[in-house]
Amino acid sequence: MPAPTERTRRLEWRHGQWSLQISELVQVERDSYLPRQRRIEGVEAIRSHLARHGEDSLARGLNAVVSDPNHRGIGFDAVDGKWVPDRSATMPSLPVQGPDVTARVSALNAEITLLKATVWGLTERLAAVERRVAHAVPASTRTSSATLAAFVDDRDPAKSLLAATSSPVAFREAPVVPTPEPAQQVTRDAPADDETEAADALPLDDSGFAPLDLPLVSDMLQCLKVLLGADPGAKSTKQGLPATQEGIGALYGSCLLDDESQERGALITDLRAAYDLGGALMGWTPQAIAQKLETGTLDTEVGEGMSEVMNNLSGVINRVSSTHTRSSPLQALAERPMTWLSARCRARGFVTKSQGHVWVVSR
């Protein structure tokens with residue numbers, strides 16, 4: 001299934017000129033997205049936009065499309081760097097260049113985008129329910145399908161969402177109270193050759209939270225590969241968080257919040273990795289990323305892209321952790337510090353090709 005934030009680009013003849021419609025999903029909450037559409041009018045403006053985002057093959061193919069008068073009234077979708085005609089969008093019973101056709105096609109695209117977001121959210125929530133069932137149902141009844149069905153039916157409000165899938169409103173499951181464990185019992189991951197774990201890394205605060213189970217770095221890298229549609233070339237690192245508060249203050253983080261909105265950990269990135277990953281997700285060229293990185297500040301669009309990267313990585317964490325968490329939007333730690341964060345926190349991380357660092361940290 002494509003990532004929910006995948007952009008679609010469609011070239012159309014509209015009101016006597018060519019226009020490029022860009023559709024994407026904007027995250028509202030962790031599993032809730034709303035469609036957003038942008039339209040660029042005019043051949044020159046479209047060509048400039050494609051060149052600025054490094055889509056040279058689409059820019060070259062643009063000339064062949066717009067130079068043929070027979071292409072007017074036919075929509076073209078961007079697929080693997082090529083403009084592919086979509087003749088099914090042309091309705092013979094209606095004027096092929098009329099506003100009715102454009103309005104109907106745009107409405108259909110919006111409905112498909114909303115459907116993709118709903119299915120993606122349901123898939124994520126179903127996985128969360130399955131994890132909760134596995135941890136909350138006694139072992140003696142775990143194999144009983146009737147028991148599992150009754151448990152899900154009692155605790156999960158997904159039934160109401162399934163009855164109205166057209167609504168983009170996200171829902172939350174009722175919290176499941178875990179079975180208390182002895183205070184001295186602490187679960188820790190066994191270190192592996194390709195993982196990063198801070199030495200002597202036990203929770204230092206007095207919050208009483210059990211540490212999160214951290215995912216394998218290889219699983220996080222596979223998540224990035226699927227999200228970005230290509231191997232980002234990132235690798236595991238043994239380098240931990242900065243040793244000074246000044247160094248930590250130069251980073252950016254997304255809190256990992258549990259179902260009671262308590263901070264249980266965080267996903268931390270430096271500016272370099274935020275541009276490498278967030279910029280790549282938003283379609284920026286390496287040249288544009290390098291130029292903007294020199295300003296020493298985080299661009300708003302790249303920040304939104306990196307928030308989505310963190311959101312996807314939090315899904316990897318939930319697949320291995322008994323505590324369900326969600327990621328908050330990316331924030332500058334200099335402006336909104338996480339007071340519990342230090343170099344001694346339990347962490348795993350990786351580096352991008354250009355040595356940008358990302359860590360997943362347990363409180």
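Quick caveat, the model's predicted, so the values are computed rather than measured. Heavy-atom basis, side chains included; hydrogens, waters and symmetry copies ignored.
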(message) Before you tell me yes or no, could you show the steps for Trp83 and Val66 under side chain to side chain contact (heavy atoms under 4.5 Å, CB included), namely the whole-Å CA-CA distance, both residues' side-chain angles and the distance that decides it to 0.1 Å?
(response) CA-CA 11 Å; Trp83 293 112; Val66 302; over 6 Å; no

(message) The test is side chain to side chain contact (heavy atoms under 4.5 Å, CB included); show your working for Leu20 and His49 and say whether it passes.
(response) CA-CA 10 Å; Leu20 177 67; His49 170 83; 3.9 Å; yes

(request) Take Leu298 and Leu330 through the test side chain to side chain contact (heavy atoms under 4.5 Å, CB included) and record every step on the way to the result. (result) CA-CA 10 Å; Leu298 184 62; Leu330 195 69; 3.8 Å; yes

(message) What verdict does the side chain to side chain contact (heavy atoms under 4.5 Å, CB included) test give for Asn63 and Arg47, after you've listed the backbone C-alpha separation in whole Å, the side-chain angles of each residue and the deciding distance to 0.1 Å?
(response) CA-CA 9 Å; Asn63 295 329; Arg47 184 180 291 109; 2.4 Å; yes

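Here the side chain of Ser307 pairs no donor or acceptor atom with the backbone of Pro329 at under 3.5 angstrom. Looking only at distances, no side-chain donor or acceptor of Ser321 sits under 3.5 Å from a matching main-chain atom of Ile317. A side-chain donor-acceptor contact under 3.5 Å links Arg363 to the backbone of Glu263. Within the 3.5 Å criterion, the main-chain N or O of Ala64 finds no donor-acceptor partner in the side chain of Asp68. Side-chain atoms of Arg346 never come within 3.5 Å of backbone atoms of Asp213 as a donor-acceptor pair (strictly under, hydrogens ignored).
In the hydrophobic clustering of this structure, Leu293 does not group with Val351; members are Ile, Leu, Val, Met, Phe, Trp, Tyr whose side-chain heavy atoms approach within less than 4.5 Å, directly or through other members. Follow the hydrophobic side-chain contacts under 4.5 Å out from Leu257 and you never reach Leu267; the two are in separate clusters.
To the nearest 0.5 Å, atoms CE (Met220) and OG (Ser236) are separated by 8.0 Å. Note that CH2 of Trp284 is 10.5 Å distant from CZ of Arg52, once rounded to the nearest 0.5 Å. Glu55 contributes atom CD, which lies 10.5 Å from atom OG1 of Thr285 (distance to the nearest 0.5 angstrom). Rounded to the nearest 0.5 Å, atoms CG (Leu50) and CZ (Arg9) are 7.5 Å apart. For the atom pair CG of Leu256 and OG of Ser328, the computed distance is 8.0 Å after rounding to the nearest 0.5 Å. To the nearest 0.5 Å, atom CG of residue Leu62 and atom CG of residue Leu11 are 6.0 Å apart.
The shortest side-chain heavy-atom distance between Gln355 and Gln239 does not fall under the 4.5 Å cut-off. The side-chain heavy atoms of Ser218 and Gln222, taken from C-beta on, include no pair separated by under 4.5 Å. The shortest side-chain heavy-atom distance between Thr8 and Asp77 does not fall under the 4.5 Å cut-off. A heavy-atom distance below 4.5 Å is found between the side chains of Glu41 and Gln17. Between Val316 and Arg319 there is a side-chain heavy-atom pair separated by less than 4.5 Å. Looking at heavy atoms from C-beta onward, Val309 lies in side-chain contact with Leu313 at the 4.5 angstrom threshold.
Of all non-hydrogen atoms in Leu341 and Gln245, the two that sit nearest each other are O-NE2, 3.6 Å. Of all non-hydrogen atoms in Leu221 and Lys235, the two that sit nearest each other are CD1-CA, 4.2 Å. When every heavy atom of Gly253 is checked against every heavy atom of Ile268, the shortest pair comes out as CA-CD1, 3.8 Å. Closest of all the heavy-atom pairs between Met338 and Cys255 is CE-SG, 3.4 Å. Closest heavy-atom contact between Pro242 and Ala343: O-CB, 3.4 Å. The shortest non-hydrogen separation linking Leu58 to Ala78 is CD1-CB, 3.8 Å.
Ring geometry, Trp13 versus Trp18: the interplanar angle exceeds 60°, so the pair is classed perpendicular (tilted spans 30 to 60°).
Summarising the local packing, CZ of Arg336 is surrounded by 12 or fewer heavy atoms from other residues, nucleotides or ligands at distances under 6.0 Å.
No side-chain donor-acceptor contact under 3.5 Å links Asn318 and Arg326.
For the side-chain hydrogen bond (donor to acceptor under 3.5 Å, both in side chains) criterion with Thr352, the lone passing option out of Asp276, Thr269, Asp270 is Asp276.
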